[in-house]
Amino acid sequence: MSPNASLKIATYNVNGIGSRLPVLLRWLEETKPDIACLQELKAPQENFPEAAIKDAGYNAIWHGQKSWNGVAILARDHAEIKEVRRVLPGDDEDLHSRYIEAHVGDLLIGCLYLPNGNPAPGPKFDYKLSWMKRFITHTDELLKQNIPVVLTGDFNIIPTEVDVYKPERWTNDALFRPESREVFHSLINKGWTDALRKLYPDEIIYTYWDYFRDAYSRNAGLRIDHFLLNNVVTDKLLKAGVDRHVRGWEKSSDHAPVWIELSK
DNA sequence: ATGCCTGCTTGCAGCAGA
């Protein structure tokens, strides 16, 4: 396939861009996504490594935050990124950096870091519920637009029992609670397509393995990083996958990158 | 039920993550 026959979009929860920069640059160089969405920068706005990202061939927009959260969109060959918003609408009091949205070429890209929500019940789970409600409201608006839309990032939702190594241990976890799964399923029912499941309906696919108990080598993982596509994009879906080997690198994030390829 | 590990903080132990 010629380099320009398809468009590759990736998502990667880096778990701290300060510590992860060498791994991030190595992965960008190896896999060369046209667009990369990052989550959990864990860095204030001014600490984003803009020069190193530019040297790697990428333009970037980002919304940082001290210590926690933080999201970014990167575009290869210094392609133009037209920022639409950097907060999820619906709550002026919400100061977490968890959503950024931009046009890149013909596409509208929403990059999200949905709240974890543990412990549930509790205030953190309430925040997750209210964030998801705002997300539904906003994505309903996006569905009305007749343009290609990609929503990607760390959803912190395990969609089904197939997506967790031992579902019985996760019944009360905020990532697997019925309220969280219901939001994911309602998005599917509204017309969004889960890209990985569309191409691999029955496979066990994980995108996260925790740092404890040697989870990666035991393949005790979760599928929580997702691509949701509207119908215009789904018609262009060629391939999808997880860069699983990156999770095995030295100084890796606890997440692996996930990607799709679209026909142009 | 908890800690297991890792990154971040103006830190030097505690929090959050999932």
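Below, chain A is the first sequence line, B the second, and so on; all start at residue 1.
Residues meeting the ring pair (Phe, Tyr, Trp, His ring centres under 6.0 Å) test with His78(A), sequence neighbours left out: none. By the ring pair (Phe, Tyr, Trp, His ring centres under 6.0 Å) test, Phe176(A) is found to be paired with no residue, residues two or more places apart in sequence or in another chain being considered. Judged as a ring pair (Phe, Tyr, Trp, His ring centres under 6.0 Å), and not counting sequence neighbours, the contacts of His255(A) are Tyr208(A). Annotation: salt bridge (charged side-chain N to carboxylate O under 4.0 Å, His left out) contacts of Lys190(A) (sequence neighbours excluded): Asp140(A). In terms of the side chain to side chain contact (heavy atoms under 4.5 Å, CB included) criterion, residue partners of Lys32(A) (sequence neighbours excluded) are, by chain and number, Glu29(A), Arg76(A). For Ser252(A), the side-chain hydrogen bond (donor to acceptor under 3.5 Å, both in side chains) test picks out no residue, with sequence neighbours left out.
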*Classify every nucleotide of nucleotides 1-10 of chain B by which part a protein heavy atom approaches to under 4.0 Å, writing B for the base, S for the sugar-phosphate alone and - for neither, in 5'-to-3' order.*
--BBBSSSSS

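Between Ser186(A) and Ile136(A), the shortest heavy-atom distance links the atoms OG-CD1, 3.5 Å.
Arg98(A) places its CZ atom 12 Å from the P atom of dA16(B), with the value rounded to the nearest Å. Between the CG atom of Asp225(A) and the C1' atom of dG17(B) there is a distance of 13 Å, rounded to whole Å. Atom CG of Leu222(A) and atom C1' of dG17(B) are 12 Å apart (whole Å). Rounded to whole Å, the distance from CG on Asn116(A) to P on dC15(B) is 16 Å. In this structure, Phe125(A) atom CZ and dA16(B) atom C1' are separated by 18 Å, rounded to whole Å.
Dashed line: the shortest gap from a side-chain N or O of His255(A) to OP1 or OP2 of dA18(B) is under 4.0 Å. Proximity of Asn13(A) to the phosphate of dG17(B): no side-chain N or O atom is located under 4.0 Å from OP1 or OP2.
Taking the P atom of each, dA18(B) and dG14(B) are spaced 22 Å apart, rounded to whole Å. One C1' atom belongs to dT9(B), the other to dC4(B), and the distance between them is 22 Å to the nearest Å. Look at the C1' atom in both dA13(B) and dA1(B): the space between them is 23 Å, to the nearest Å. Spacing between dC5(B) and dT10(B) at atom P, rounded to whole Å, works out to 25 Å.
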*asked:* For DNA chain B, please output the secondary structure as dot-bracket, reading 5' to 3'. Pairs are Watson-Crick or G-U wobble, both atom distances under 3.5 Å; mark crossing pairs with [ ], other-strand partners with |, unpaired with a dot.
replied: ....(((((...))))).

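A salt bridge is defined here as a Lys NZ or Arg NE, NH1 or NH2 lying under 4.0 Å from an Asp or Glu carboxylate O, and Lys166(A) with Glu168(A) fails to meet this definition.
Of the residues in residues 170-185 of chain A, Leu175(A) come within less than 4.0 Å of DNA chain B through at least one heavy atom, sorted by number. Of the residues in residues 151-159 of chain A, those lying under 4.0 Å from DNA chain B by heavy-atom distance are Asp154(A), Asn156(A).
In terms of hydrophobic clustering, with Ile, Leu, Val, Met, Phe, Trp and Tyr side chains grouped at heavy-atom distances under 4.5 Å, Leu222(A) and Val242(A) are assigned to different clusters.
Asn59(A) pairs in a side-chain hydrogen bond (donor to acceptor under 3.5 Å, both in side chains) with only one of the listed residues (Glu50(A), Lys54(A), Glu80(A)), which is Lys54(A).
Applying the 4.5 Å side-chain rule to ILVMFWY residues, one finds Tyr12(A), Val14(A), Ile17(A), Leu21(A), Val23(A), Leu24(A), Leu25(A), Trp27(A), Leu28(A), Leu38(A), Leu41(A), Phe48(A), Ile53(A), Tyr58(A), Trp62(A), Val246(A), Trp249(A) in the same cluster as Leu74(A).
Within the structure, every pair that satisfies the ring pair (Phe, Tyr, Trp, His ring centres under 6.0 Å) test and touches residues 84-116 of chain A, not counting sequence neighbours, is listed here: His96(A)-Tyr127(A), Tyr99(A)-His138(A).
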